[in-house]
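Reviewing the structure listed below.
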Amino acid sequence: MKKQSESRKRKLHAFNNRGASLITVIITIGFVAILISILMMTSLINFKMKRVNAYAKDTFYSAEQVLDEINIGLQRYISDSLSSAYVDVMENYTDYDSEKKNTIMQTKYYESLWSKLEADSAHKTYDVAVLESFLKDSTKWRGDEEKGYGAILRVMNPDGTLSTTGDLLTYDKRGIVLKNLRVYYKDSKGFVSIIQTDIRLAYPDFDFASSTVLPDVPEYCLIADGGVEFTANAGKMVLTGNIYADSVAANGTRSDNKMKLTHKGIGEVVVKHDMNLKNASFTNEENATLWAENVVADSSNVSLNGFSNLADDLNIKGDGSVISIAGIYNGYGNSILNSDASSAILVNGTNSTLDLSEITRITLAGHAYVGTKKEAEESKEEDTEEETTEETASGDVYTGESVAIKSNQLMYLVPAECIGVNKINGTSVYNKNPLTKTEYEEITSNPDIYDEVSTDVRVDKLGGTLNGYIAMKNGVPQPERVFVQTSESSQTLVYYYINFPDEDTANSYFIQYYNANKDSIDYYMKHYVKEIKFPNTTSLLRLKLAGNAIKGDDEMGYSINNAMMTNASSKLSSNQEQYDKQFAALCTKLMHSYSELIDLVEEPNKEKQIVYENIVDSQKIKEFVDNSPYKVGTNAVLTGTEGTAIVAKGDYVVTDANVHLVIAEGNVSVGVNDFKGTVLCNGKATIPSSNGKVTVSPSTVKTMMRYSQKVGEENIMVASVLRDGGDFSFITSDDTEGRKKADSLADLIVYENWKKE
């Protein structure tokens, strides 16, 4: 029994595994801990790598931001260079042929960019400091060389060295290339990113060459030789595309809801005579162009923001007109003999505001005139007994102002104490201006007793005498005499105005008279002017004024703007001739170059409606309609894939929005709210809509010009009614190799040979 018991004990002892589980658990825990440690280390390394990658990306994006800031600065330079080059070409447009215009445009553009970027006068290297000036303060390098951070711009030379200047290369019609710009960017944590690239400033898509000498009618939404009239008295009308009209008229109501006309896009508005805006507003957007003889704002708001060219005046009438002018304004008429060819801004209305503070450049090449000629002529018509002689012949009187306020007209009357001066006692016998006809005859019939006008009498309001201010002939003053018939048929008044010997004298007279009578002149001027604002700088680079201008407001006071040009007429006469020719070309055949006009019926004549005559053959319209298988009444109605085209022998009313082309011998009324296409008429184009659009659609109209009808064995296109219609404006020029067609300035900046380190 004992032996058996011991044997059992040995067996039990052999199978005892107490503690084995603990060892297994410990091993498992250790293994898991190792895995966790590995995972944690892997995660930590991954986190650090991602953080480093994030910092690296941020640094890279910051380096790209440096290029973006440089890009914005270069866009500004490109814009300024394009603007100055374009203005140089346009100011001398009629003097050059197309090839010369292109050459000058390219040369001026390059020269302007060179002057902004170059490090030497040879245009061979560019200065990195110029590019650094584009950077924001938060982007520029801060701190010392070792521990600082930010951007450093340098040029990487072929030998691996760095410098602050680099090669500036110019390629014909391809642009300017800034070679090997190196952008080094280091952030505050020490991460670095380096970008190296060439920057090409591409030459824009400018080509003054005409593929045809014919006007591009499909680029016009309205061509109306009888004028364009907006008959709605309130609402909005948006115009897009080129417009030609003998005149433009909009007559709204005196309310806050004035008729609002907006010309959008890059088109031109060409008005042969007057743009009359009464209780209406007109806005010409930033890239648009306006050509007109006169703009008359009668209780209206006018905002000219693009390129504005006026042969004569901007006339501010009515009450509460607000005029703002930005961009470039050319009042180019500079005659001192003809008031209709002398450009000025006239403030004839009450409570007027004139804001010129945002202009890029303004030229007022002429003087304001006191309008005496019309009154004198009307008086002569009424007074049939009045003998018209050299003495009684009268013209308008030019003044010493280019921006003139109506209340100032009185200062150009010959001072009363200078008229009919007794030669013995030196005093005026009547001491007034005007004189009656009887008084006038009394002093002029007794030259031994009276000086009709004396230059020796001191004038208190002038602070001196008329000596040197009035034109003389053989030592005798030559005033401007104006005979005006009063309501009493038997009574004629004779006004005496100062006839200045030259424009500089007129300017000097205004300054002396204004300074001597400032308080009284300002008092009356407040009735007409609420505010006249000029740019902060009076530099002649921005302001070219032939005469004086007042600036200020009715609260802070007024002062004379000192931006007059000495001997302005002679200096600006060449500009007037150039603009006159260009305006005449536009008003003759919608061409910009006078020299490119061909096959004219007669020489340009502003008083005749000749645009329609030079574009359309009236006989061919009659034949086209009379022989048309699509004749409806006095119209030919052709419908195709693009819509309907109308050729009319008389008037036409557009009532279908599917009509996109109307060529009419008579008047056209656009009776749809959203017209897309072209109206070309010999009469008046009327827009009755109070809330609509008139939009150019060149591709559609060009297609419709090709619509044809079969007459006998021949297919006759709509374009055949136009002079030289078979070749009419269907050529589209391909993009010139190397030039950049740009939708924005940013498109003109191209990065080449780009690489990241």
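Within the 3.5 Å criterion, the main-chain N or O of Val414 finds a donor-acceptor partner in the side chain of Asn433. No donor-acceptor pair under 3.5 Å is formed between the side chain of Ser428 and the backbone N or O of Glu417. Put simply, the side chain of Tyr558 gets close to the backbone of Val529: a donor and an acceptor are under 3.5 Å apart. Under a 3.5 Å cut-off, the side chain of Asp313 and the backbone N or O of Asn315 do not form any donor-acceptor pair. Under the 3.5 Å distance criterion, the side-chain polar atoms of Thr505 are left unmatched by any main-chain donor or acceptor of Phe500.
Within the 4.5 Å cutoff, the side chain of Lys278 has no heavy atoms near those of the Val296 side chain. Ile336 is not listed as a side-chain neighbour of Ser342, based on a closest heavy-atom distance of 4.5 Å or more. Within the 4.5 Å cutoff, the side chain of Asn351 has heavy atoms near those of the Lys530 side chain. For the pair Leu545/Val403, no side-chain contact is recorded, criterion being any heavy-atom separation below 4.5 Å from C-beta on. In this structure, the side chains of Asn330 and Phe307 come closer than 4.5 Å at one or more pairs of heavy atoms. Proximity of Leu277 to Leu261: side-chain heavy atoms (C-beta onward) are separated by under 4.5 Å at one or more points. At a threshold of 4.5 Å between non-hydrogen side-chain atoms, the residues Leu290 and Val295 count as touching.
Scanning all heavy atoms of the two residues, the minimum distance from Tyr528 to Ile405 falls at CB-CG2, 3.7 Å. In terms of heavy-atom proximity, Val453 sits nearest to Pro479 at CG2-CG, 3.8 Å. In this structure, Tyr440 and Tyr496 approach most closely via the heavy-atom pair CD1-OH, 3.1 Å. Here the closest heavy-atom approach between residue Ala546 and residue Gly366 is recorded as CB-O, 3.7 Å. Between Asp298 and Gly318, the shortest heavy-atom distance links the atoms OD1-CA, 3.3 Å.
Rounding to the nearest 0.5 Å places CG of Asp340 at 7.5 Å from CG of Asp396.
When Ile345, Val347, Leu346, Asn294 are each tested for a side chain to side chain contact (heavy atoms under 4.5 Å, CB included) with Leu314, only one passes: Ile345.
Between Tyr509 and Tyr412, the angle of the ring planes lies from 30° to 60°, which puts this pair in the tilted group.
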